[in-house]
Amino acid sequence: MSDAALSVHGLWKVFGPKAGSIIGTPDADLPRPELLARTGCVAAVKDVSFDVAPGEVFVVMGLSGSGKSTLVRCLTRLIEPSAGSIEIDGDDVVTMSDSRLRELRRTHVSMVFQHFGLLPHRQVIDNVAYGLEVRGEPKSKRLARSQEMVDLVGLSGNEHSYPDQLSGGMQQRVGLARALAADPSVMLFDEPFSALDPLIRRDMQNEVIRLHDEVGKSMVFVTHDLAEALKLGDRILIMRDGAVVQVGTPAEVVARPADDYVRDFVSDVPRSHVLTLRYVMREPGPDDSTEGPVMSSDTVVRQAARAALASEHVVRVVDDGELVGIVDDDAILRVVVAEEEATPA
Amino acid sequence: MNRHHPQALLGCAALTAVAALTGCGSDIEDNDTAAGASDCGTVDMAINPWVGYESNAHVVGRVAETELGCTMNYVDLDEQTSWKGFGDGDVDVIIENWGHEDLVKKYVEGEGTAELAGLTGYEGIIGWYVPPWMAEEYPDITNWENLNKYADLFETPESDGQGQLLDGDPGYVTYDEALVKNLDLDYKVVVGGSETALIEAFRSAQENKTPLLAYFYEPQWFFNEMDLVRVNLPTYKPGCDADPQEVDCDYPVYDLNKVVAADFAESGSPAYDLVTNFQWTAEDQNTVSEMISEQGMDPDEAADQWIADNQDTVDQWLAAG
Amino acid sequence: MTTVAVRDSGVPTSGVLAALRRRGKLWLLALTVLAWVAVWAATRGTSTQEIGGATLTDAHQWFRGRAAWVEDAASAGTNPVFGLANGIADLLNGLIAFLQRLFTVPEFPRPYPEIGWLGVIAMAAWVTYAVAGWRSVLLVVPSFLAFGFLGYWEDSLDLLIITLVSVFIAVVIGIPLGVAMAHSKIVSAILTPVLDVMQTMPSFIYLLPLTIVFGIGSAAATIVTLIYALPPVVRITAHGIRSVSPSTLEATRSLGQSGWQRLRNVELPMSKRTVIVGINQTMMAALSMATIAAFIDSPGLGQPVLEGLRRGQLGASAVAGLAIVIMAIMLDRTTTAASIRAERAARAGRDDRRRRRLVLTGTGVLTLAAIGVSHNQVWANPFPSSPDLGSPIAAGVDRFADWLRTDLSGLTTAIQEAFTVWFLNPVQDLVANSPWFVTAAALLAVAAIAGGRRALASTAVCLAGIYFLDLWYNAMVTLTSVFTATAVTMVVGVALGVWMGRSGLADRAIRPVLDAAQTIPPFVYLVPILILFGPNRFTAIVAGVIYAVPPATKLIADGIRGVAPATVEAAESAGTSRLQMITKVQIPMARGALLVAGNQGLLYVLSMVVIGGMVGAGALGFDIVTGFRQTSMIGRGLAAGVAIVLLGIMLDRITTHAANQSASTNPTTATHRRRRPLTGGIA
């Protein structure tokens, strides 16, 4: 896909003494403990491929140790990948010279980190301006731009505070502003909200959604929190032990888990919030009523429930004027009631 | 906002102060009292670590400063390092030298960086001494052949079951280790570390009537305080100390002399003549040393006092040139 | 991030098993000593390799030959290395002579130095205000006045000049080295042992070679001071740079900064405070060494101390010592205040900054005026000779010393003799009077049991070295002093450390005393100990203990404090008594800290050994001092220097490996280690 904002193909990262010599051998397919015992190496990222479309929010999800943070660091070679190709805006990242790589980091891709990584000896405004400073923007220009970003993330009035005078959420807003300041085409997020309180985390997630709506960047968002992944992601990549288990839209992942691992993962998800009618409808039959409400296949079940249950007729699922399926009350109730049972609280 | 007023005031005050004070001019005048008399310059005088030496050094130094307009620079050094300093230009004068034939050979005859500059006028004696009470109590102790008889008297926790022979500064001239071995003495050399340590040890031994055998030397002002008794070792014969490992005789009597840097001798400095002419007696030295050590006087003050009392001797040093 | 801890998880060792193994080790050690004693009883006094105090062997002559070669090469001046050394020496001598002419030494025909006391104090106050704030000025000005009123104005300034010039050079060289160490594992691997040697090698060893190369006086003194004072700033800078938050580094790297931008904008500002702590440590070390440099005629307060020692004027020594202590406290507090201020100043608002600039300018003009006045006015130039605080203090000290000597000498002699007869001599008898191969075997066995294979290898190499230097006996006597002094240090350190670790009150009371004790150059307290106990091994041991107790105690106290409160709480709820808590919970759990304290104690004591040689402790220290002072003995002195370095390396390796081993058998630390995630670099 040449029109992808970011395209990753066959990416590997192996840590250990003979890292390079493992890829492509049968050893590479061994489970982690055995690989470690045999070679002293750990395969953190195993043969990962994906594309991110311009403007898409692409979430990488996995438990700790699944390799997701390593993966996102490989994208701008904060960690040097062992094998594979990475293209950003059509440029091959893996073979870039150091200076071009620096140029890429300065202008094309920026990153937000779990532990913020702010400079404690600089005021907020100078932290935000740091990326512009290292690429040599004149002072007046970078301060103006930084002020804009500070306002954008809702930190107006705190420009001259020092990071340790701010709460965690506010510090991460600084991190966000710093990443936005360079006006990159791709933004990377490494568990940016894991260190924050749940309430603040929700605010920040909404903030990201708002910013995405406003600035429309392509985003790669790493998280271990499924709810966050489902909330933010256009698509989700699920990783386990370094390898890709499944890539899909939130509904796809919840409705059709690729294996038991993913199934276990999504078992607690409020399915009615995620599933769309596509995953609960059945083939239309000749006896189906034609008087029920008409909905598109990507309507979320919860939104469909009230109208569907209120009507005496079944819901007709129509995409592009064509009847693709039927959803009856039973199908709706299966999703909603199963959820009630799963979460007795 | 009048917050800035104090600073403004401060600035004004400062400027006024500068103007006022620097405008006052100077009341420090160049010290030209000796300027006319002198092309002496600076004399680097080594100071070896015993008080008698300091007495020589500061008496000569004060005369040089007041009469010749020299600037004295005293350099605290060990004997051997001082000799080395002649070549490096760090030292001009050693004002009391104890033999050191090896160094004479190396620096005077060999490298030619040093020159002998005459005798100091008194003899130097090195030997083993006991406090007076011991000489009274054990009269035959002054003969070395009886030392083994008394060895257990001198035993201390430091001496390993043998008698203790206390030595002084590690830099001093000594063959004691070889003497003990070659005379078959049942003694162990323990090093006290300094002239002070020796004096303290004698004081405490005399006061508490405890036994002590120690390395000591004359001239030494301490003899004014206490009449230490010297133990007679086998008589010195020239050559018996040729090999330091095989010495089996008493220390020679040293004709203490003065040594100067060759460069200094050739510089034509009036201080050079003063140094070569300098001669006095052991009593003179002890007088000054006692003022320094016992009365705690500044060496220069002690020297000044002696000079005032002995102006004719000083005049001789100056006149002979 | 990039390395992954890869460790064989192995068989899980239960706490019981580990404890058994530990106890077994103690038994083995006890058995070794018993066997040693048995063999010693049968063979005592044979093959001890003892040589006479003035004996020179071929090995010593070899060293003497090397020294002579260096001396000849240095005086010939044709060798480019020595040519460079001469150039450096001239430069340093010139610089220091210039500063002396400015502050302390009049240049004919002017009767006074260029800048008098008023100007000096004004400058000191202004600089202090600029770097450390006005509070520190309140300490600095009285300190300078004290130098004058104690009667040591010029000597104090001279010491300050040597110290500050050395510190300046140390900082200029040290910070880049520290940065290089933090950035490069190779540089770090090369520099670490060099710094170890620089810090542990007694200065007397290089005092002599340095005077050969750099001549006697200021230049050699500055270099000696620099050698001793450089390691702290290098190490602490490296540590500071390494401790910069990795997440900040990564974040700023992701913005595309260059290596230079990282250093300038991230690493240096973020480690600024740590670096200033390093400068503080360097300054303290420099002051201490610049004092000792009086032995090679360094100008400064070391000279009156030395002179007083020589003339037996303890009072004068004590007054000069007091001036040194005041200077130490002044420099210590001021640099500490500077490190705190560095942060606050950076955050000052624009208004504050403008006001500060104004005040600095104003006071700067006043300072210039004061300098001008002190240049031109007699009253402001030579420090007034009255009031004279020095003489009455000196007289008081002398009276006190007389009292100690006469009325207390019975008691102090009894203490000294009891310790020597009942403890020191028996240990020395065993260590030094066993045949050399018996002692060697015993030491190797101890090294192997306590420290394992690697400790054994280091010990074997070091002992072989000492043997071939022909100084076995003296090295064993020195080792005995080091052992006994360290044993005493640990007894005192554990007692104080446990107390401090358990009681905040005790900690607050004792810690400042320890801090102060650490800032005093050891040279200063040698004098009173010497009065009390006379010149002998015991005096040297006491000096070593005083030198080593503060760092050891602090380490132990921190170790005790570091015991997990949850464990203490759990033990308390199980009904543990206070004694049980100390012996069964806190000390065992702080064992790592205890071993580190023992290690530091050994090294600190060892570095006092040479100074001990000057106060009658004999052995290697005496060999070095004699070598330094008698040309004919220089070979043996240098050999003794190498022997001391070997002893130091041996003791360090044994205790370090013992500490590591203990950590790996300690159940709590072991599980900690195992729990460290294998995939640490990934998540």
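- Residues passing the ring-ring contact (aromatic ring centres under 6.0 Å, His included) test with A/F189 are A/F221, sequence neighbours excluded.
- Annotation: maximal heavy-atom pairing with chain C below 4.5 Å, among A/E80, A/R178, A/E103, occurs at A/R178.
- For the atom pair CG of C/L255 and OG1 of A/T76, the computed distance is 10.0 Å after rounding to the nearest 0.5 Å.
- The heavy-atom pair separating A/R106 from C/G256 by the smallest distance is NE-O, 2.6 Å.
- Counting non-hydrogen atoms of other residues, nucleotides and ligands closer than 6.0 Å to CZ of C/R454 gives a total of 12 or fewer.
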Quick one, A/R105 with C/R253, criterion side chain to side chain contact (heavy atoms under 4.5 Å, CB included). Give me CA distance, side-chain angles, the key distance, then yes/no. CA-CA 8 Å; A/R105 290 175 183 166; C/R253 201 175 140 219; 3.8 Å; yes
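- Here the side chain of A/H115 pairs no donor or acceptor atom with the backbone of C/T248 at under 3.5 angstrom.
- Heavy atoms closer than 4.5 Å to chain C are found nowhere in A/V222, neither backbone nor side chain.
- The nearest pair of heavy atoms linking A/F113 to C/A251 is CE1-CA, 3.2 Å.
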Audit row: C/S258, A/R102, side chain to side chain contact (heavy atoms under 4.5 Å, CB included) steps and yes/no: CA-CA 8 Å; C/S258 63; A/R102 215 175 291 137; 4.2 Å; yes
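- For a residue to count as touching a neighbouring chain, one of its non-hydrogen atoms must lie under 4.5 Å from one of that chain's; by this rule A/R122 touches chain C with the side chain only.
- Neither the backbone nor the side chain of C/S245 comes within contact range of chain A; no heavy atoms are under 4.5 Å apart.
- If you tally non-hydrogen atom pairs under 4.5 Å between each of C/N265, C/V244, C/T252 and chain A, the highest count goes to C/N265.
- Of all heavy-atom pairs between C/Q261 and A/V134, the closest is NE2-O, 3.0 Å.
- Annotation: maximal heavy-atom pairing with chain C below 4.5 Å, among A/L119, A/V112, A/V45, A/L118, occurs at A/L119.
- In terms of heavy atoms, A/H121 sits closest to C/V266 at CE1-O, 4.2 Å.
- No more than 12 heavy atoms of other residues, nucleotides or ligands shown are found within 6.0 angstrom of NE2 on C/H239.
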